[in-house]
Amino acid sequence: MSSEPEQPVTPGQAPAEPDHFRRYLTIWIVASVIATPLVVLLLGPALPPGTGSDQAKGQVIDNTVLLGMATPVLLMIGIYVVYAIVNFRQPPGGTLEGPAVRGHPQLQTTWIIVTSVLVLSLAVYGTVRLENANGAGSGSGPKPLTVPHEPRLPVQVIAQQWAFTYRYPTYGGVEVPHLVLPVNTQIEFNVTSLDVIHSFWAYQLGVKADANPRVNNVAFVRPTKIQTFEIHCAELCGIWHGGMFDHGRVVSKAAFAVWIAEARRRYAAATAALPPYAKTYAPEPTRRGE
């Protein structure tokens, strides 16, 4: 693209090339100024995973930030492609000779600086968000760097081919086949596996934590509304991986108290046969407890 000013056309002389760079830059800036706020304000609230928990809401904000930063970049590429097709296409019956391409150190330097700033700013933003949001719903290993200050309800997620079960250590260590959580309560998931590597993914809650044998992977979440949410295994774990699916529920605190009391009564015999609660278990079925 030439940045030289247009020259007057004399008879018999081909018209001078317009300032394509200035044209393109103007179109891109105007489009970015218009499109970016629209994308953030209209598409942002509809982005996944929703508003089912504090962590899910935070991930919607993160996705909106990423989409907002990506919009000018996508427009830059798309507008350039369209502009090139319109302005540099081969005329009928002729051969197009475009303007001479020469080195442009200033443009190259600007590109390197801008892209580096974008990547580094996203890295800083992501680090701060993970720190402030106590892992933002992700598995943080056995010793998270930050933990919520408010009281937490521990819930152990036990993965095995091909199902999840859930154990409540503060309620006698009862283990149940379906996950139920009280609303507006800080939950501490302790995720582990009995056999191969799985991944606990509670989509609408914004929680995803790998389940590894002999490893306790901690993730925090605070559900904010009564709802039913999906649970998937997000790590290929064998032939029936696709069927490792369940639904969990978030209920009122009163309903949870009634449910957990009934679960303790219903599964009393099974609880008595279980080994003592532990953060991890041996992979072999005959050596469940450690």
To the nearest 0.5 Å, atom CZ of F256 lies from atom OG1 of T185 at 8.0 Å
Verdict with reasoning, L122 to L66, per side-chain contact (heavy atoms from CB on, under 4.5 Å): CA-CA 8 Å; L122 286 174; L66 290 172; 3.6 Å; yes
N/O donor-acceptor pair under 3.5 Å between Q59 side chain and L205 backbone: no
If we ignore hydrogens and angles and just use 3.5 Å, is the side chain of T36 paired with the main-chain N or O of V33 as donor and acceptor?
no
| query | Any sub-3.5 Å donor-acceptor pair from Q227's side-chain atoms to G52's backbone N or O? | reply | yes
- Can you tell me if CG on L42 sees more than 12 non-hydrogen neighbours from other groups inside 6.0 Å? yes
Heavy-atom nearest pair, P151 first then Q186, reads O-CB, 3.5 Å
Between N134 and T146: side-chain donor-acceptor atoms closer than 3.5 Å
yes
Next on the checklist: Quick check: do V176 and V180 have side-chain heavy atoms less than 4.5 Å from each other?
Outcome noted: no
Go through the steps for E150 and R222 under the test side-chain contact (heavy atoms from CB on, under 4.5 Å), then give the verdict.
CA-CA 11 Å; E150 60 186 295; R222 186 177 182 274; 3.9 Å; yes
Exercise for the section: Evaluate the ring planes of Y24 and Y80, with Trp represented by its six-membered ring, and classify them as parallel (under 30°), tilted (30 to 60°) or perpendicular (over 60°). Expected result: perpendicular
- Message: In the structure I gave you, are the side-chain heavy atoms of P142 and V218 within less than 4.5 Å of one another anywhere?
- Response: no
Rounded to the nearest 0.5 Å, the CD1 atom of I27 sits from the CG atom of L75 at a distance of 12.0 Å
Heavy-atom closest pair (A123 atom, T127 atom, distance to 0.1 Å) is O-OG1, 2.8 Å
| request: Report the C-alpha distance between C233 and F245 in whole Å, list the side-chain angles of each, state the deciding distance to 0.1 Å, and finish with yes or no for side-chain contact (heavy atoms from CB on, under 4.5 Å). | output: CA-CA 7 Å; C233 177; F245 172 87; over 6 Å; no
**OP:** Would you confirm whether E230, through its side chain, and D246, through its main-chain N or O, come within 3.5 Å as a donor-acceptor pair?
**Re:** no
Let's go through M69 and L118 carefully: what are the C-alpha distance in whole Å and the side-chain angles of both, what is the deciding distance for side-chain contact (heavy atoms from CB on, under 4.5 Å) to 0.1 Å, and is it a yes or a no?
CA-CA 8 Å; M69 295 183 70; L118 283 174; 3.3 Å; yes
Test side chain to side chain contact (heavy atoms under 4.5 Å, CB included), reference Y277, set V174, T271, N190, T170, output is N190
Please check: side-chain N/O of R265 versus main-chain N/O of A261, any donor-acceptor pairing under 3.5 Å? no
Next item on the list: State yes or no: do L179 and W259 share one hydrophobic cluster built from I, L, V, M, F, W and Y residues joined by side-chain heavy-atom distances below 4.5 Å, directly or via other members?
Entry: yes
Do the ring centers of F189 and F220 come within less than 6.0 Å of each other? no
Taken to the nearest 0.5 Å, the spacing of T224 OG1 from D54 CG works out to 6.0 Å
- Considering residues, nucleotides and ligands other than H247, do more than 12 of their heavy atoms fall under 6.0 Å from its NE2? yes
Residues P48 and N63: closest non-hydrogen pair is O-ND2, 2.8 Å
Exercise for review: Indicate if V117 and Y125 have the same hydrophobic cluster label, given that clusters are the connected sets of ILVMFWY residues with side-chain heavy-atom separations under 4.5 angstrom.
Suggested key: no
### Message
When you measure from the side chain of W111 to the backbone of Q106, do you find a donor-acceptor pair of N or O atoms at a distance under 3.5 Å?
### Response
no
Taking the six-membered ring for Trp, are Y83 and H20 ring centroids under 6.0 Å apart? yes
Residue pair M244 / C237, side-chain heavy-atom distance below 4.5 Å
yes
When rounded to the nearest 0.5 Å, the distance separating NE2 of H232 from OG of S199 is 11.5 Å
>> Is any side-chain heavy atom of T192 closer than 4.5 Å to one of Q156?
In response: yes
**Prompt:** Are I34 and V30 side-chain neighbours, meaning at least one heavy-atom pair lies under 4.5 Å?
**Reply:** yes
Correct closest heavy-atom pair for V251 and I226 would be C-CG1, 4.1 Å
Counting only heavy atoms not in R152, do more than 12 sit closer than 6.0 Å to its CZ atom? yes
Contact between I197 and S193 at the side-chain level, heavy atoms closer than 4.5 Å - yes or no? no
CD1 of I158 to CG of D195, rounded to nearest 0.5 Å, is 11.5 Å
I'd like to know if the side chain of S138 and the backbone of G135 have a donor-acceptor N/O pair within less than 3.5 Å. yes
Value for CD1 (I260) from OH (Y171), rounded to nearest 0.5 Å, stands at 6.5 Å
Between G139 and A209 the two heavy atoms that sit nearest each other are CA-CB, 3.7 Å
Q.
Quick one about D210 and N217 (side-chain donor to acceptor, distance below 3.5 Å, no hydrogens or angles considered), yes or no?
A. no
query: Between N212 (side chain) and V215 (backbone), is there a donor-acceptor pair under 3.5 Å?
result: no
Correct closest heavy-atom pair for A56 and Q204 would be CB-O, 3.6 Å
When you check the side-chain N and O atoms of Q160 and Y281, is any donor under 3.5 Å from an acceptor?
-> no
Ring centroid separation Y203 to F229 under 6.0 Å: no
